[in-house]
**Q** 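Can you keep this structure in mind? I'll have questions shortly.
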Protein chains: 2
Amino acid sequence: MAQVKNNYQFEDMLQKHNLKKTAPRLRVLSMMYSKNTATSQPDLESVMNDIDRVTLYRILNVFEEKGIIHKVFDLNGTANYAVCHSDCQENHHHDEHLHFNCTACKNVYCLNELNIPKLTLPAGFEPQAFTIYASGLCPKCSKKGTAKTN
Amino acid sequence: MAQVKNNYQFEDMLQKHNLKKTAPRLRVLSMMYSKNTATSQPDLESVMNDIDRVTLYRILNVFEEKGIIHKVFDLNGTANYAVCHSDCQENHHHDEHLHFNCTACKNVYCLNELNIPKLTLPAGFEPQAFTIYASGLCPKCSKKGTAKTN
DNA sequence: ATACAAATGCAACATTATTGTATTTAGAAA
DNA sequence: TTTCTAAATACAATAATGTTGCATTTGTAT
């Protein structure tokens with residue numbers, strides 16, 4: 001489920017990160033916290049179409065720097081943005097979770113719960129971060145496909 | 001090491017996929033087979049700067065459709081292209097390997113050898129493909145960083 | 001209430017990708 | 001070899017995405 005927060009909490013978040021409480025920022029926050037999937041850049045732009053495109057880019061950038069959201073590219077290379085779970089810090093993201101890209105509805109899910117197995121790389125490679133992408137059908141779409149009715 | 005092939009083999013590859021043997025296609029093939037890393041779209045364009053940009057896009061697209069190369073987005077969302085290993089077929093890629101993106105030299109390595117552990121997703125998710133990204137230092141760059149001299 | 005830094009809005013521009021069409025070319029057929 | 005045709009390339013135009021600089025507005029500390 002989506003993380004439910006009210007406007008006061010969003011204002012607190014901004015204050016905590018030394019960001020001014022502005023209407024565009026609050027709207028972006030509340031939009032992203034109302035969903036349990038990442039939002040694509042095109043979607044964000046069309047939903048927030050009265051906010052200047054450049055402003056939106058800048059809001060997303062500061063939010064990412066501050067560890068409020070993280071950026072993830074879907075299988076088409078399109079930027080998607082999702083709220084970070086609690087333990088992200090400024091300039092140090094803990095987004096080593098699995099990103100699931102549904103091939104039907106195109107939604108990107110962040111599966112935080114999943115623990116990523118440790119991988120051993122060939123000699124010489126010094127990995128610092130991992131991200132796993134899976135594609136296929138999400139619960140909603142797989143249900144549709146196999147359901148007797150509909 | 002890079003897979004070494006000569007021009008005759010490239011011509012065979014094209015013929016096998018019912019593609020005409022043209023100079024631009026052969027040049028793209030030989031360029032990509034000469035490297036052991038993926039090539040970014042910007043790099044491709046600057047190296048192949050006398051081939052029309054649109055032609056390059058179309059060549060990359062058919063090669064991908066035919067299973068000759070695969071596209072991988074690096075951590076910045078930039079498209080990178082790499083030759084597929086043997087068992088890729090038309091419209092059915094087997095690129096479930098690990099992509100290693102070096103944070104220093106920006107190169108993307110396809111680590112085919114590595115076997116990907118099976119992951120269990122939350123109920124309802126029906127994964128069809130996995131890709132793992134790792135970022136960090138590649139052998140060349142990690143050596144540079146720790147070397148006494150240089 | 002004022003002042004100032006920060007944020008927004010706007011204009012211009014850069015890069016990456018797509019579509020349509022005329023021209024050229026590879027390869028098959030005569 | 002020459003001719004023919006579908007395929008491939010080149011070129012022009014446009015769309016989508018992302019960036020930079022600067023003037024204006026706004027949040028907030030004083």
Side-chain angles (χ1 to χ4, degrees), chain A residues 7-8 10-31 38-66 68-81 90 106 108, chain B residues 7-8 10-31 38-66 68-81 90 106 108:
Chain A
N7 216 51
Y8 292 111
F10 295 139
E11 293 187 0
D12 280 352
M13 291 182 60
L14 292 178
Q15 193 158 44
K16 231 173 278 175
H17 291 101
N18 296 311
L19 298 173
K20 288 187 179 172
K21 303 165 197 161
T22 66
R25 284 174 176 172
L26 288 169
R27 283 181 50 207
V28 170
L29 276 183
S30 96
M31 192 273 202
T39 312
S40 72
Q41 165 64 30
D43 278 3
L44 265 172
E45 247 188 66
S46 66
V47 172
M48 304 282 161
N49 57 12
D50 51 338
I51 300 178
D52 186 79
R53 240 160 45 80
V54 178
T55 300
L56 188 52
Y57 276 108
R58 293 203 255 235
I59 288 176
L60 295 172
N61 283 339
V62 279
F63 281 7
E64 200 187 1
E65 280 167 22
K66 300 290 188 176
I68 299 173
I69 62 174
H70 68 272
K71 189 199 269 197
V72 46
F73 296 98
D74 67 19
L75 300 170
N76 301 313
T78 304
N80 281 249
Y81 297 89
E90 197 152 336
K106 311 297 177 197
V108 175
Chain B
N7 216 51
Y8 292 110
F10 295 139
E11 293 188 358
D12 281 351
M13 292 182 61
L14 292 178
Q15 193 158 45
K16 232 174 278 175
H17 290 101
N18 296 312
L19 297 173
K20 288 187 179 174
K21 302 164 197 161
T22 66
R25 285 174 175 171
L26 288 169
R27 282 181 51 206
V28 170
L29 276 182
S30 98
M31 192 274 203
T39 312
S40 73
Q41 166 63 30
D43 279 1
L44 264 173
E45 246 188 69
S46 65
V47 172
M48 303 283 162
N49 56 12
D50 51 338
I51 300 178
D52 186 79
R53 244 161 46 79
V54 178
T55 300
L56 187 52
Y57 276 110
R58 294 204 251 238
I59 288 176
L60 294 171
N61 283 338
V62 281
F63 282 8
E64 200 186 2
E65 280 167 21
K66 300 289 187 175
I68 299 172
I69 63 173
H70 69 271
K71 189 199 267 197
V72 46
F73 295 97
D74 66 20
L75 300 168
N76 300 314
T78 304
N80 280 249
Y81 297 90
E90 198 152 334
K106 310 297 177 197
V108 176

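Lettering follows sequence order; numbering is per chain, from 1.
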**Q** Of B:I59, B:T39, B:T55, B:V28, which meets side-chain contact (heavy atoms from CB on, under 4.5 Å) against B:M48?
**A**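 Of the listed options, the one satisfying the test is B:V28.
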**Q** Is any side-chain heavy atom of B:L60 less than 4.5 Å from a side-chain heavy atom of B:L44?
**A**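 In contact.
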**Q** Which distance, rounded to the nearest 0.5 Å, do you find between the CZ of A:F63 and the CE of A:M13?
**A** 7.5 Å
**Q** Atom pairs, N/O to N/O, protein against nucleotides 16-19 of chain D, distance under 3.5 Å?
**A**
{"from": "D:dG18", "atom 1": "OP2", "to": "A:Y57", "atom 2": "OH", "distance (Å)": "2.9"}
{"from": "D:dG18", "atom 1": "N7", "to": "A:R53", "atom 2": "NH1", "distance (Å)": "3.2"}
{"from": "D:dG18", "atom 1": "N7", "to": "A:R53", "atom 2": "NH2", "distance (Å)": "3.1"}
{"from": "D:dG18", "atom 1": "O6", "to": "A:R53", "atom 2": "NH2", "distance (Å)": "2.8"}

**Q** What is the distance, to the nearest angstrom, from the CZ atom on B:R58 to the C1' atom on D:dA12?
**A** 12 Å
**Q** Sequence neighbours left out, what passes side-chain contact (heavy atoms from CB on, under 4.5 Å) with A:R53? Give chain and number order.
**A** A:E45, A:Y57
**Q** Could you tell me if the side chain of B:K106 sits less than 4.5 Å from the side chain of B:D74, heavy atoms only?
**A** no
**Q** End-to-end bend of the helix from C:dA1-D:dT30 to C:dA30-D:dT1 (five-pair axes, 10° rounding)?
**A**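 Taking the rotation axis at each end, their angle is 20°.
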**Q** Supply the atom-to-atom distance B:N49 CG to B:S46 OG, rounded to the nearest 0.5 angstrom.
**A**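 Interatomic distance, B:N49 CG to B:S46 OG, rounded to 0.5 Å: 7.0 Å.
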**Q** First and last nucleotide of DNA chain C touching chain A, 5' to 3', heavy-atom cut-off 4.0 Å?
**A** C:dA5 to C:dA11
**Q** Can you tell me the distance, in whole Å, between the NE2 atom of B:H17 and the P atom of D:dA8?
**A** 13 Å
**Q** To the closest 0.5 Å, what do you measure between CZ (B:F10) and CG (B:L26)?
**A**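 Going from CZ on B:F10 over to CG on B:L26, the span is 8.5 Å.
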**Q** When you measure from the side chain of A:N76 to the backbone of A:T78, do you find a donor-acceptor pair of N or O atoms at a distance under 3.5 Å?
**A**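 Not confirmed, A:N76 side chain does not pair with A:T78 backbone.
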**Q** With the threshold set at under 4.0 Å for non-hydrogen atoms, list the residues of residues 20-29 of chain A touching DNA chain C in residue-number order.
**A** A:K20, A:T22, A:P24, A:R25
**Q** What pairs meet the side-chain hydrogen bond (donor to acceptor under 3.5 Å, both in side chains) rule with one or both residues in residues 18-31 of chain B, with sequence neighbours excluded?
**A** B:R27-B:D50
**Q** Output the distance between atom CG (A:L19) and atom NZ (A:K66), rounded to the nearest 0.5 Å.
**A** 5.0 Å
**Q** Is there a side-chain contact between A:E11 and A:N7 in this structure, where contact means two heavy atoms from C-beta onward sitting under 4.5 Å apart?
**A**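 Side chain of A:E11 against side chain of A:N7, heavy atoms only: contact under 4.5 Å found.
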**Q** Any chance you could measure A:N80, atom CG, to A:L75, atom CG, to the nearest 0.5 Å?
**A**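 Result: 9.5 Å between the selected atoms.
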**Q** Enter the distance from B:Q41:CD to B:F73:CZ here, rounded to the nearest 0.5 Å.
**A**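 Atom-to-atom, B:Q41:CD and B:F73:CZ are 10.0 Å apart.
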